[in-house]
Structure formats: C-alpha cells, structure tokens
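In this chain, numbering begins with 1 at the start of the sequence shown. All values derive from a computational prediction rather than experimental measurement.
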Amino acid sequence: AHLVESGGGAVQPGGSLRLSCTASGFRFDDYAMGWFRQVPGKEREGVSCIRYDSANSYYTNAVKGRFTISRDNAKNTLYLQMDHLNSEDTAMYFCGAATSCNDFWQLVKGGVLNYRGQGTQVTVSS
C-alpha cells in the first residue's frame, strides 16, 4: 500500500497551496483519511480528517476557516486546500488512513496509522 503526497512548496504569508495525496494498494473508500504535520523536534499535530464517505470533516482549531479537506474516492485522492497561510503552518505534511476520524486523531498523537505517506514540505516565509 502506498500514499504519495504532493503539492508542497514555498509560499509567502497569506498565500495558498493545495496538497494532494494519492493512494494505491488498499481500499481507499474504506478508510477515514486525514492530514497531519510535523516540525523537527516537535510532536505530530493532527490537522484535518474526513470520513470515508465525506459526510463529515474535522479540523484542528489552528486551521479552521483557512484549510479545507476533501476527497475523491473515484480517484483515490485526498486533498487539502490551504489558504491564508502563515509561518506557523510551516511543517512537513503527511496524509494518513485510519478506520475512523476518532482513531486518526488518537493515532496521530501516539500510535501507528493504518497507512501513511512520506510527506511534502510546506514552507511559509516572506
């Protein structure tokens, strides 16, 4: 099974990026999918999660109103639209799969996700 993130890069404060995560090797639409981020020396931080059927999505407070998660099950792809970026959003961003969003948040804090990618770097700087 593979998850491959793309779309990261360098952007100025206030700018936007759209991350993508393409899945293969497992039943994408069986899993809740989410994004988490990590800065070297700091703990992983859950960013957003979306149910397997897109019926609900959830965000950490720091990104509410600025980030939008979505998925296309026909394309086995997860997205994260990031607007109004600021320097605190600078991190390596990873996508991951879990049996539910509740599990996703818990496993990001201290566990092993069912599947996860290698990450894409987002740098917000003037």
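- The disulfide (SG to SG under 2.5 Å) contacts involving residues 16-48 comprise Cys21-Cys95, where partners must be two or more places apart or lie in separate chains.
- In this structure, Pro13 and Ser126 approach most closely via the heavy-atom pair CD-N, 3.7 Å.
- Annotation for Ser16 and Gln81: closest pair CB-NE2, 4.0 Å, computed over non-hydrogen atoms.
- Atom CG of Asn76 is separated from atom OG of Ser24 by 8.0 Å, given to the nearest 0.5 angstrom.
- Hydrophobic clustering (ILVMFWY, side-chain heavy atoms < 4.5 Å, transitive): Val108 and Tyr31 are in distinct clusters.
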- request: Run the numbers on Leu78 and Ile50 for side chain to side chain contact (heavy atoms under 4.5 Å, CB included), then give the verdict.
  value: CA-CA 9 Å; Leu78 174 73; Ile50 187 168; 3.7 Å; yes
task: Kindly determine whether Leu19 and Trp35 satisfy side chain to side chain contact (heavy atoms under 4.5 Å, CB included), including the steps that lead there.
output: CA-CA 10 Å; Leu19 305 184; Trp35 292 94; 3.6 Å; yes
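- A single hydrophobic cluster is not seen to contain both Tyr52 and Phe26; linkage of ILVMFWY side chains at heavy-atom distances under 4.5 Å, directly or through other members, places them apart.
- Taking a 6.0 Å sphere around CD of Glu88, one finds it holds 12 or fewer heavy atoms contributed by other residues, nucleotides or ligands.
- At most 12 heavy atoms of other shown residues, nucleotides or ligands fall within 6.0 angstrom of atom CD in Gln118.
- Counting only residues at least two apart or on different chains, no disulfide (SG to SG under 2.5 Å) pair has a member in residues 50-87.
- With sequence neighbours excluded, the residues that form a side-chain hydrogen bond (donor to acceptor under 3.5 Å, both in side chains) with Asn73 are Arg71.
- Remark: Asp29 pairs with Arg27 by the salt bridge (Lys or Arg N to Asp or Glu O under 4.0 Å) rule, at least two apart or across chains.
- Note on Tyr79 and Phe36: separate hydrophobic clusters, where clusters join Ile, Leu, Val, Met, Phe, Trp and Tyr whose side-chain heavy atoms are under 4.5 Å apart, directly or indirectly.
- Note: Thr68 OG1 to Asp83 CG = 6.5 Å, rounded to the nearest 0.5 Å.
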query: Is there a side chain to side chain contact (heavy atoms under 4.5 Å, CB included) between Leu85 and Leu17 once you walk through the steps?
result: CA-CA 8 Å; Leu85 286 159; Leu17 285 172; 4.2 Å; yes
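- The side-chain hydrogen bond (donor to acceptor under 3.5 Å, both in side chains) search around Tyr93 returns Arg37, not counting sequence neighbours.
- The two residues Leu80 and Ser48 come nearest to each other via the heavy atoms CD1-CB, 4.3 Å.
- Distance alone, capped at 3.5 Å, places no donor-acceptor pair between the Arg44 side chain and the Gly110 backbone.
- Contact record, Lys42 with Gln38: O-NE2, 3.1 Å, taken as the closest heavy-atom pair.
- Here CG of Asp103 is found 3.5 Å from OG1 of Thr99. Values are rounded to the nearest 0.5 Å.
- Cluster membership for Leu113 and Val47, using ILVMFWY side-chain heavy atoms within less than 4.5 angstrom, is not shared.
- Residue pairs satisfying the disulfide (SG to SG under 2.5 Å) criterion with at least one member in residues 35-64, sequence neighbours excluded, are listed as follows: Cys49-Cys101.
- Note that the CZ atom of Arg66 and the CE atom of Met82 stand 9.5 Å from one another [nearest 0.5 Å].
- Rounding to the nearest 0.5 angstrom, the gap separating the CZ atom in Arg51 from the CD1 atom in Ile69 is 13.5 Å.
- Under the 4.5 Å side-chain heavy-atom criterion for Ile, Leu, Val, Met, Phe, Trp and Tyr, Phe94 and Tyr58 are members of the same hydrophobic cluster.
- Closest approach of Ala97 to Met33, counting heavy atoms only: CB-SD, 3.5 Å.
- Across Ser20 and Thr77, no two heavy atoms sit closer than the pair CB-CG2, 4.4 Å.
- How far CG of Asn114 is from CZ of Phe104: 11.0 Å, rounded to the nearest 0.5 Å.
- Counting heavy atoms from C-beta outward, Asp89 and Phe67 have side chains that approach closer than 4.5 Å.
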